[in-house]
Q: 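Take this structure first; my questions come after.
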2 protein chains.
Amino acid sequence: MNSSVEKDGQFVNLEAVAGGMPPEEALYDLAELFRAFGDTTRIKILSALSLSELCVADIAELLSMSQPAISHQLRVLRQARLVRVTRRGRSSIYALDDEHVRTIFDQGFRHVRHITPEGGENHG
Amino acid sequence: MNSSVEKDGQFVNLEAVAGGMPPEEALYDLAELFRAFGDTTRIKILSALSLSELCVADIAELLSMSQPAISHQLRVLRQARLVRVTRRGRSSIYALDDEHVRTIFDQGFRHVRHITPEGGENHG
DNA sequence: TCGATATATGCTTATATGCTCATATAATTA
DNA sequence: TAATTATATGAGCATATAAGCATATATCGA
């Protein structure tokens with residue numbers, strides 16, 4: 001059985017692992033999703049939107065960043081379907097797309113807090 | 001009250017939002033966490049490790065990638081505390097660091113499936 | 001100790017990404 | 001329509017990052 005490789009006394013069936021993994025495209029989409037979360041500016045935007053719907057100018061003011069910089073990042077968030085936008089007058093009002101986004105955000109936050117609770121480093 | 005800005009008939013209190021957001025450092029850590037998830041190679045590694053502990057060579061074979069490429073990414077995952085490593089003989093056995101990692105991974109997967117169910121593209 | 005095996009790490013290059021500046025598009029009002 | 005306001009977008013630059021190659025480190029066996 002060439003699918004089982006002995007490694008220091010334990011057996012690992014690589015084919016079983018390969019077979020249990022989701023299809024390549026799904027994993028690509030997943031990485032793309034997390035990549036959208038993986039930037040400080042975008043995380044700040046999502047954090048703000050988890051508290052209130054906001055227009056572009058407000059987000060820019062809140063983060064002390066330029067309007068184009070915010071618009072560029074909002075586009076990334078839109079393409080990743082993490083936020084949705086509705087025009088109201090001259091403004092574009094942005095909001096979290098759905099509760100999944102909040103859940104992923106909160107789950108990540110819990111992980112970070114677990115690793116470094118209360119600002120201290122807790123490796124172990 | 002300069003903290004409330006009227007926007008097309010609705011009031012948004014920017015200071016309230018600013019006050020409700022986590023400290024800058026926490027948001028930076030959070031982005032860093034998601035950035036570690038935000039690469040196809042690393043997602044594949046995590047997906048594999050969610051099924052079984054694996055040594056470096058097995059991961060390289062599983063993903064059809066070079067050993068140094070895998071080692072480089074494993075280092076990123078280690079630094080983000082998403083995986084832990086234990087030496088067993090000549091091999092380094094990698095595993096998911098804790099259940100939080102699996103939870104974040106699964107939650108993201110549910111989101112992706114929700115957006116594009118059954119492998120089809122569902123772009124609104 | 002020497003050789004073989006397994007993994008980790010520098011260094012380098014190609015590519016990706018975030019931001020700025022300038023400008024285009026869209027919506028409101030005179 | 002023209003002017004104003006709000007947002008979106010394109011080009012370009014500076015930086016970050018993933019992977020390749022070569023090599024260092026570590027462990028085991030003879």
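Proteins get letters first, then strands, A, B, ... in listed order; numbering begins at 1 in each. Since this is a predicted model, take the numbers as computed values, not measurements.
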Q: For D/dA6, does OP1 or OP2 lie under 4.0 Å from any side-chain N or O of A/Ser91?
A: no
Q: Under 4.0 Å between a side-chain N or O of B/Thr41 and OP1 or OP2 of D/dA18?
A: no
Q: Is there a side-chain polar atom (N or O) of B/Arg90 under 4.0 Å from OP1 or OP2 of C/dA4?
A: no
Q: Just how far, in rounded Å, is P of C/dT17 from CE of A/Met65?
A: 17 Å
Q: Could you list all N or O pairs between the protein and nucleotides 10-15 of chain C that sit under 3.5 Å apart?
A:
residue : atom : partner : partner atom : Å
C/dG10  : O6   : B/His72 : NE2          : 3.0

Q: CD1 of B/Ile93 versus P of D/dT27: gap in Å, rounded?
A: 14 Å
Q: To the nearest Å, give me how far apart CD1 (A/Ile70) and P (D/dT9) are.
A: 15 Å
Q: Tell me the salt bridge (Lys or Arg N to Asp or Glu O under 4.0 Å) pairs involving residues 99-108 of chain B, sequence neighbours left out?
A: B/Glu99-B/Arg102
Q: Between A/Arg42 and C/dG18, is there a side-chain N or O to OP1/OP2 distance below 4.0 Å?
A: yes
Q: With respect to the phosphate group of C/dA6, does any side-chain polar atom (N or O) of B/Tyr94 fall under 4.0 Å of OP1 or OP2?
A: no
Q: So, is B/Ser66 near the phosphate of D/dC21, with a side-chain N or O under 4.0 Å from OP1 or OP2?
A: no
Q: Do any side-chain nitrogens or oxygens of A/Arg87 fall under 4.0 Å of OP1 or OP2 in D/dT5?
A: no
Q: Between C/dA16 atom P and A/Glu32 atom CD, what is the distance in whole Å?
A: 13 Å
Q: So, does the side chain of B/Gln67 form a donor-acceptor pair with the base of C/dA8 at under 3.5 Å?
A: yes
